[in-house]
Amino acid sequence: MTGEIIKVGMADLNVIKHPGTLTTLGLGSCVGITLYDPVTKVSGLAHIMLPSSKAIRNNSNTAKFADTGIVQLLEDVIKIGASKSRLVSKIAGGAQMFSFSNKNDIMKIGERNVAATKEILDGLRIPIIAEDTGGNFGRTIELYSDTGILLIKTIGHGTKQI
Amino acid sequence: MGISIEELDSQQIDVLKEIGNIGAGNAATALAKMIDRKIDMNVPKVEILEFKEVAELLGGPEVPVCGIYFRVDGDISGSIMFLLTLKSSTTLTNMIMPTSGDMEIPDEIGQSALQEIGNILSGSYISSLSALTGLSIKISVPSLAIDMAGAILSVPIIQFGQVGDHVLLIETEFNEGNNEVKGFFFLIPDVDSFEILLKSLGVLQ
């Protein structure tokens, strides 16, 4: 089942056919979004940094934003054999790494990334079947194309599968 | 809209490097006073890096690091992050509290000592920036986190990410005897503040 392990960097995305594993390391306030087709086992993973490309002047990197990143990921998994009607999504990340007493928009970026991700997946009618978001800790995630299982590793907050 | 790191010319970068030098120099002096020992400092390196290169400086996105984070307010707003490798954070804790033994991860007391160190270092850094620019700048109380480098770095990177695809960081190395402490300062002005900062330094019309 192993196959290749492909790393997805920050503000980056990638897709694979079965077999293989997609991973992204050290998610903080960013959100990792997976798309999986259980029949063809085509898998995709995006690591987005910001909720929306619309408010940003320099927005040429589509994988950086939830709105453009998810759309790009969807196109890419379909291109290699996924069927949109079968796709399911899992999401992880969106932590708030540092806390301050005064509420500040920049500090809540993790929360805003998660909200934007859900809104966009909802708009595309792709169900989110599992999530591990929020908190104040980092996550490394691995998506196994064999099973669609998403493994989440942390420092001091355990390991789990969703 | 503000200026992104990519748009800086070489003169502007030189001025930012010089600020880094002076700021980190003052921070090293403050650290030497605090622990009452001689602190050597390498000439700080100022680098403009792509996002993915930043975590590599610390050994990769999964390596545990210690980040101390401050909000900056006043004539300019933004944030400062002081980042240490985990080893450097325990070395530093041991310098301040020699009785604390060899911890792998600083305990609660060690962490509050680190916050205080971060406070003093960032405070001296900001006051030299304030003196150079004539701007009034205040910093918040620190917030500390020990976690994966990628996760900690996502905070300054996201802020830089709102205007471009690169970050500006100042790498400083402090040495006390054979104890090496490697630290990184990230000065992250908010979108509109970069312009104010460069104007106050006379390198932007």
Side-chain angles (χ1 to χ4, degrees), chain A residues 7-12 23-32 47-61 63-66 92-110 112-113 135-142 152-157, chain B residues 1-7 50-56 58-65 67-73 77-81 86 105 115 118 139-167 188 190-191:
Chain A
K7 274 186 194 168
V8 175
M10 185 177 258
D12 192 11
T23 182
T24 193
L25 311 176
L27 277 168
S29 301
C30 300
V31 175
H47 180 151
I48 63 99
M49 282 172 51
L50 289 160
S52 170
S53 62
K54 297 194 177 69
I56 309 276
R57 183 181 45 161
N58 183 348
N59 57 7
S60 54
N61 180 2
K64 193 159 130 183
F65 308 96
Q96 183 175 333
M97 300 303 299
F98 297 93
S99 56
F100 287 98
S101 50
N102 58 334
K103 294 289 170 229
N104 178 316
D105 245 20
I106 292 166
M107 300 312 300
K108 289 204 227 147
I109 189 76
R112 291 198 288 134
N113 277 335
N136 62 351
F137 52 90
R139 296 166 172 93
T140 282
I141 61 172
E142 292 176 9
I152 296 160
K153 295 190 278 188
T154 67
I155 293 180
H157 295 267
Chain B
M1 281 294 262
I3 293 181
S4 73
I5 304 280
E6 289 88 344
E7 293 166 73
E50 277 186 60
F51 295 151
K52 58 176 180 231
E53 296 170 315
V54 187
E56 296 306 323
L58 294 145
E62 275 193 299
V63 169
V65 298
I68 307 165
Y69 191 70
F70 304 81
R71 280 296 301 166
V72 173
D73 277 304
S77 63
S79 48
I80 292 183
M81 182 178 278
L86 198 56
I105 290 182
Q115 280 186 332
I139 60 170
S140 71
V141 293
S143 174
L144 178 140
I146 294 172
D147 211 313
M148 300 176 191
I152 300 248
L153 285 165
S154 73
V155 177
I157 286 176
I158 284 172
Q159 284 168 264
F160 279 116
Q162 306 194 347
V163 282
D165 290 305
H166 292 79
V167 302
I188 315 146
D190 287 346
V191 177

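Convention: sequence-line order gives letters A, B, ...; per-chain numbering from 1. These numbers come from a predicted model, not from an experiment. Computation of the quantities below employed the complete heavy-atom set of this structure, encompassing side-chain atoms and omitting hydrogens, waters and symmetry-equivalent molecules.
- Atoms CD1 and CD, from A/I155 and B/E62 in turn, are 8.0 Å apart once rounded to the nearest 0.5 Å.
- Contact of A/D12 with chain B is not made at all, since no heavy-atom distance falls under 4.5 Å.
- Using a 4.5 Å cut-off between heavy atoms, A/M10 contacts chain B through its side chain alone, with no backbone atom that close.
- Interface remark: B/I157 contributes backbone and side-chain atoms alike to the contact with chain A (heavy atom separation under 4.5 Å).
- Distance check: B/S154 OG to A/H47 NE2 gives 7.0 Å after rounding to the nearest 0.5 Å.
- Between the CG atom in B/D147 and the NE2 atom in A/H157 there is a gap of 6.5 Å [rounded to 0.5 Å].
- Between atom OG of residue B/S140 and atom CZ of residue A/F98 there is a gap of 11.0 Å, rounded to the nearest 0.5 Å.
- Using a 4.5 Å cut-off between heavy atoms, B/A145 contacts chain A through both its backbone and its side chain.
- When heavy atoms are compared at a cutoff of 4.5 Å, A/L50 approaches chain B solely by way of its side chain, counted from C-beta outward.
- Side-chain atoms of B/S143 come within 3.5 Å of backbone atoms of A/S99 as a donor-acceptor pair (strictly under, hydrogens ignored).
- Expressed to the nearest 0.5 Å, how far CG of A/N113 lies from CD1 of B/I158 amounts to 5.5 Å.
- Ranking B/I152, B/V63, B/L153 against chain A, the residue ahead of the rest is B/I152, based on heavy-atom pairs under 4.5 Å.
- Looking only at side-chain heavy atoms (C-beta outward), B/M148 and A/L25 stay at 4.5 Å or farther from each other.
- Of all the listed residues (A/G28, A/G93, A/C30), the one sharing the greatest number of non-hydrogen pairs under 4.5 Å with chain B is A/G28.
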